[in-house]
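Values in this document were obtained by computation on a predicted structure and should not be read as measured data. What you see below is based on every heavy atom in this structure, not just the backbone, and it leaves out hydrogens, waters and symmetry mates.
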Amino acid sequence: MIILAFESSCDETAAAVVQMDEAKGIRRILSSAVASQIAVHALYGGVVPEIASRAHAEAISGLTDRAMSDAGVSEKEIDAVAVTSTPGLIGPLLVGVNYAKALAYAWDKPLIAVNHIKGHVAACYPFFPDLKPPFTAMVVSGSHSSLLEVSSFTDYRALGLTRDDAAGEAFDKVARVLGLPYPGGAEMDRLASLGNPRAIALPSVAVPGDTLDFSFSGIKTAVVNYANTLRMKGEPLVPEDLAASFTRAVTDGVSKRLREAYDRRPFDRFVLAGGVSANSHLRAAVAAFGKKRRVKVYFAPPAYCTDNAAMIGVQAYYEALAGNYAGLDLNPSAVCDI
Ligand code: KG4
Ligand code: ZN
């Protein structure tokens, strides 16, 4: 099955073509075109939804042409059109959903709606032909921090969620405190390698008690207070130490939740997905957990950790196998249903 897929839930407009055939062992990304709006939003230190919607509308048609020509396929060869329908910013989601609906109607192709979080997990499938549910997964991105039980390609259950901010949001906030440009996750990763992870005591991101939930707002506030206190005292802030200490607090919290999830119900495979899964320190912590508990761990290549449409096309294939097609009355939803 050849699928043309779209992603526009936040600040990347993306179109991709994938070829999937589970019976023949084919999981192929034929093209993946991504137009990032980072430069526009960097001026404001974060994503401005109205500007994002407008930029998606400007980019999506050209990206479609690029994805089709890079893949070397024509309209006739496309079997279905897929699009992220939830969760995300409602204006940006509407642009992708309406474009995909229009194309599905004009080309007379079936339409498939994809949950963005499931898409992030699906980013791993083309790179690991043996990877199949059931497994446990964690999606850590600019908008999500979800620990998930994946019982089939389409059935997900939340084991733990963030109660406030997402992991990536916290990385970006700390980066902003350090004066780094938005989004600062990748630069924080580099700085953290140069600092002392035990230099600054910060609160845990694992919510205390009998829960697998996360909270990132406390650590964000603690970092802001720490920086303000140093400024008032006229003492210097060591960016490397702050990046390393913050990263350690995040990796410790995630590792703790993984151990607890495993103790509640052991699993033998674990997928780490989403933009923050590109973080080298988090990957190392998850790999160490995997080695200790004999859990096989999977990460997508960094370019497929952040938002792209190939992951949406791959998940769409499994939705199609499950008979989950959408009608032309499809509406996006900002809120996630997992
Ligand atoms: O998955 P994604 O592209 O967007 C959402 O679905 O939200 O994730 C973007 C997030 C940003 O917050 C960015 O700073 C973070 O992923 N990120 C990283 C790294 N690379 C990207 N965070 C930590 N370390 C990285 N290496
Ligand atoms: Zn995402």
Side-chain angles (χ1 to χ4, degrees), residues 9-11 41-42 44-49 52 87-90 116-117 120 138-148 158-189 191-192 195 197-232 237 239 241-258 260-261 272-279 281-282 285 306-307 334-336 338:
S9 65
C10 192
D11 60 347
H41 300 295
Y44 307 95
V47 179
V48 184
L89 300 168
I90 196 67
H116 184 81
I117 292 182
H120 270 302
M138 172 128 197
V139 175
V140 266
S141 74
S143 336
H144 319 286
S145 307
S146 316
L147 186 56
L148 306 156
L159 299 173
L161 298 169
T162 179
R163 294 195 182 170
D164 38 57
D165 305 323
E169 230 177 310
F171 267 97
D172 295 340
K173 178 71 186 181
V174 177
R176 199 171 171 179
V177 167
L178 294 178
L180 302 172
Y182 170 85
E187 182 58 11
M188 286 277 292
D189 193 346
L191 278 182
R198 297 188 182 275
I200 305 155
L202 293 169
S204 173
V205 301
V207 171
D210 185 23
T211 172
L212 294 175
D213 282 351
F214 294 90
S215 165
F216 289 90
S217 70
I219 195 167
K220 262 170 61 174
T221 309
V223 167
V224 172
N225 288 343
Y226 171 78
N228 286 341
T229 306
L230 285 189
R231 198 172 303 124
M232 283 191 299
L237 188 154
D241 285 351
L242 182 55
S245 300
F246 170 81
T247 303
R248 184 184 143 231
V250 173
T251 55
D252 281 359
V254 171
S255 302
K256 180 174 186 297
R257 289 285 103 120
L258 285 188
E260 291 164 346
L272 185 69
V276 181
S277 74
N279 188 274
H281 309 277
L282 186 57
T306 44
D307 290 350
V335 191
C336 188
I338 299 173

N/O donor-acceptor pair under 3.5 Å between Thr221 side chain and Ser217 backbone | yes
Output for pair (Asp252 CG, Leu282 CG), nearest 0.5 Å, gives 11.0 Å
With sequence neighbours left out, write down each residue that passes side-chain contact (heavy atoms from CB on, under 4.5 Å) with Pro203, or none if nothing qualifies.
-> Ile219, Ala222
Those residues at least two apart in sequence (or on a different chain) that pass salt bridge (Lys or Arg N to Asp or Glu O under 4.0 Å) with Arg163 are Asp213
Shortest non-hydrogen separation from Pro239 to Leu191 and the atoms involved | CB-CD1, 4.3 Å
Quick one: list whatever passes side-chain contact (heavy atoms from CB on, under 4.5 Å) with Ala199, sequence neighbours left out.
-> Asn196, Asp241, Ser245
Taking all atoms of both residues into account, what is the closest heavy-atom pair of Leu242 and Ile200, and its distance?
-> CA-CD1, 3.6 Å
Listed by chain and number, what are the side-chain contact (heavy atoms from CB on, under 4.5 Å) partners of Ala166, not counting sequence neighbours?
-> Ser145, Glu169
Aromatic centroids of Tyr44 and Tyr182 separated by under 6.0 Å = no
Shortest non-hydrogen separation from Gly275 to Thr306 and the atoms involved | CA-CG2, 3.8 Å
Quick one: which residue pairs count as a salt bridge (charged side-chain N to carboxylate O under 4.0 Å, His left out) with a foot in residues 200-210, not counting sequence neighbours?
-> Asp210-Arg264
Test side chain to side chain donor-acceptor pair (under 3.5 Å) applied to Asp307 - qualifying residues, sequence neighbours left out = His116, His120
For Ile338, side-chain contact (heavy atoms from CB on, under 4.5 Å) partners two or more places apart = Asn115, Ile117, Lys118, Leu148, Tyr156, Ala158, Cys336
If you look only at pairs with a residue in residues 173-188, which of them pass as a salt bridge (charged side-chain N to carboxylate O under 4.0 Å, His left out), with sequence neighbours excluded?
-> Glu187-Arg190
Only counting residues at least two apart or in another chain, list the ones meeting salt bridge (Lys or Arg N to Asp or Glu O under 4.0 Å) with Asp164.
-> none
What one should report as the nearest heavy-atom pair of Val276 and Ala167 is CG2-C, 4.2 Å
Any residue meeting side chain to side chain donor-acceptor pair (under 3.5 Å) with Asp189, in chain and number order, not counting sequence neighbours | Ser280, His281
Taking only residues two or more places apart in sequence or in another chain, which ones pass side chain to side chain donor-acceptor pair (under 3.5 Å) with Ser204?
-> none
Closest non-hydrogen contact found for Ala175 with Gly184 is CB-CA, 3.5 Å
